[in-house]
Number of protein chains: 2
Amino acid sequence: MYRIGELSKACDVKADTLRFYEKHGLLSPSMRTEAGYRMYTESDAERLRFILRAKAVGFTLAEITELLSIELDKSNWACADVKGMVDIKLEHVEEKIAELNYFRESLQRLSDACCGGPESAEHCSILEALESNSAEVKCENHTHQHTQTEYKASCKVKG
Amino acid sequence: MYRIGELSKACDVKADTLRFYEKHGLLSPSMRTEAGYRMYTESDAERLRFILRAKAVGFTLAEITELLSIELDKSNWACADVKGMVDIKLEHVEEKIAELNYFRESLQRLSDACCGGPESAEHCSILEALESNSAEVKCENHTHQHTQTEYKASCKVKG
DNA sequence: CTTGACCTTAGATTTAACTCCAAGGTTTAT
DNA sequence: ATAAACCTTGGAGTTAAATCTAAGGTCAAG
Ligand SMILES: [Zn+2]
Ligand SMILES: [Zn+2]
Ligand SMILES: [Zn+2]
Ligand SMILES: [Zn+2]
């Protein structure tokens, strides 16, 4: 039996978070002391660990609520249901990754086009790319006093 | 000169969003009519396009505010400053991608281990993995009436 | 018998970026 | 002249997942 502070320390969650999970129906302590203190059993702790593992895998609390309801009533669900949830989540994660990859590529193009030197940003190709309507990112045409080897190598489109 | 609805249509943003950007100091119309209507100039429109392009690349509005302040005062900034911002953003995006890739792999492992068939979820390997303390995901050991070719192929760890 | 650590509750605040609402004023077209 | 379409403002609501606050009750040690 754990008090809220003990369980919270044991699982590296804030006590507030446990109260929050209780309010949202994810995890209620099996007992209370006379004084009203929450007492969590070992099986409550297991349920919390289930929640934290699912969270670590990327499920939202709403999805975890659904998983828990299946967990408690396994025999009325099929593998297809469970796998379906995982596969939908997988799709969402893959979409988010694709979007971020697009960001990454755009940022990399911007970064590559800028010398990053001490020169004034008046002709900085990053700012010029954000000002212009085209997706093209041009190289800088201000003079570069500093060594240019890396810059030259990465710059593809002359400005 | 555009009224708010015109600019909003031209740039495919809600009028509310333009008011929101004004309230947060990103974009104020250069004029107002006597009746108080916002009137955006072409240069206001350009600024908006700058904002939208930066957003499309993944910058937050706070970061865009910073970029805009550099934009308006280019000569007092160096390429190093601008490139620094892009590179920091790039790092954050890469971290987020790494995190999501980790989610993706975990979900893929879970998905692969489950037959996805009509069998009861009582021995579903997804639920068992979430119940167990180890990161290992085991294959299902219930009997599978349906064809198992795909399932067998993807399952690595026997349960 | 009091200090300090711990616990209780309801409710407010945080973050980001909008989005919506109500109540009213303006423009434009018929 | 009147309806439709547009604009104004301030303020509230949305989403997710906590996190914090205030005001107070409980418990063990010294
Ligand atoms: Zn340069
Ligand atoms: Zn530059
Ligand atoms: Zn199966
Ligand atoms: Zn299964």
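Quick note on labels: first sequence line is chain A, next is B, and so on, each numbered from 1. Quantities reported herein were computed from a predicted structural model and do not represent experimental measurements.
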Engineer: Between B/Lys83 and A/Ser111 (side chain of the first, backbone of the second, donor and acceptor by atom type, cut-off under 3.5 Å), is there such a pair?
Structural biologist: yes
Engineer: Just the rounded figure in Å: distance from C1' of D/dA17 to CD of A/Glu22.
Structural biologist: 16 Å
Engineer: DNA chain C: B/Arg3 or B/Lys55, which has the more 5' nearest nucleotide?
Structural biologist: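 Mapping each residue to its closest nucleotide by heavy atoms, the 5'-most match is B/Lys55.
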Engineer: Would you check if the side chain of A/Asp87 reaches a backbone N or O of A/Gly84 as a donor-acceptor pair within less than 3.5 Å?
Structural biologist: no
Engineer: Separation of B/His24 atom NE2 from D/dG11 atom P, in whole Å?
Structural biologist: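 To the nearest whole Å, that distance equals 14 Å.
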Engineer: Pull out every residue in residues 39-52 of chain A that has a heavy atom closer than 4.0 Å to any atom of DNA chain C, ordered by number, or say none.
Structural biologist: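 Residues of residues 39-52 of chain A that come under 4.0 Å of DNA chain C do not exist, since none gets that close.
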Engineer: Between B/Arg32 and C/dT26, is there a contact of a side-chain N or O with OP1 or OP2 at under 4.0 Å?
Structural biologist: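 So the side-chain polar atoms of B/Arg32 never come under 4.0 Å of the phosphate oxygens OP1 or OP2 of C/dT26.
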Engineer: Hey, is the side chain of A/Tyr21 poking within less than 4.0 Å of OP1 or OP2 on D/dA17, counting only N and O atoms?
Structural biologist: no
Engineer: Report the C-alpha distance between B/Lys89 and B/Glu63 in whole Å, list the side-chain angles of each, state the deciding distance to 0.1 Å, and finish with yes or no for salt bridge (charged side-chain N to carboxylate O under 4.0 Å, His left out).
Structural biologist: CA-CA 9 Å; B/Lys89 189 71 198 174; B/Glu63 290 160 341; 3.0 Å; yes
Engineer: Measure CD1/B/Ile4 against C1'/D/dA5 and give the value in whole Å, please.
Structural biologist: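 Whole-Å distance recorded here is 15 Å.
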Engineer: Please determine if a side-chain N or O atom of B/Arg38 lies less than 4.0 Å away from the OP1 or OP2 oxygen of D/dT9.
Structural biologist: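 True: B/Arg38 side-chain N/O within range (under 4.0 Å) of D/dT9 OP1/OP2.
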Engineer: In whole angstroms, how far is the C1' atom of D/dG25 from the CD atom of A/Glu34?
Structural biologist: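 It works out to 14 Å between those atoms.
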Engineer: Which part of the nucleic acid, if any, lies within reach of A/Thr33 when heavy atoms closer than 4.0 Å are counted: base, sugar-phosphate only, or nothing?
Structural biologist: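 Here A/Thr33 touches no strand at all.
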Engineer: Do A/Arg53 and A/Glu46 meet the salt-bridge criterion of a basic N to acidic O distance under 4.0 Å?
Structural biologist: no
Engineer: Quick one: pull up CD1 in A/Ile64 and CZ in A/Phe59 and give me the separation to the nearest 0.5 Å.
Structural biologist: 8.0 Å
Engineer: Between the protein and nucleotides 19-25 of chain C, are there any N/O to N/O pairs under 3.5 Å, and if so, what are the atom names and distances?
Structural biologist:
residue : atom : partner : partner atom : Å
C/dG25  : N2   : B/Tyr37 : OH           : 2.8

Engineer: Figure out the CD/P separation between A/Glu6 and C/dC7, and round it to whole Å.
Structural biologist: 7 Å
Engineer: Is a side-chain donor or acceptor of B/Arg47 paired with a backbone partner of B/Leu26 at a separation under 3.5 angstrom?
Structural biologist: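 Answer holds: yes.
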Engineer: Has A/Glu22 got more than 12 heavy atoms of other residues, nucleotides or ligands less than 6.0 Å from its CD?
Structural biologist: yes
Engineer: So, does A/Asp44 use its side chain to make a donor-acceptor pair with the main chain of A/Ser30 at under 3.5 Å?
Structural biologist: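 Yes: the side chain of A/Asp44 pairs with the backbone of A/Ser30.
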Engineer: In whole Å, what is the span from the CG atom of B/Leu26 to the P atom of C/dA17?
Structural biologist: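 Taking CG of B/Leu26 and P of C/dA17, I get 10 Å after rounding.
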Engineer: Mark yes or no for whether B/Ser125, through its side chain, and B/Cys139, through its backbone, hold a donor-acceptor pair below 3.5 Å.
Structural biologist: no
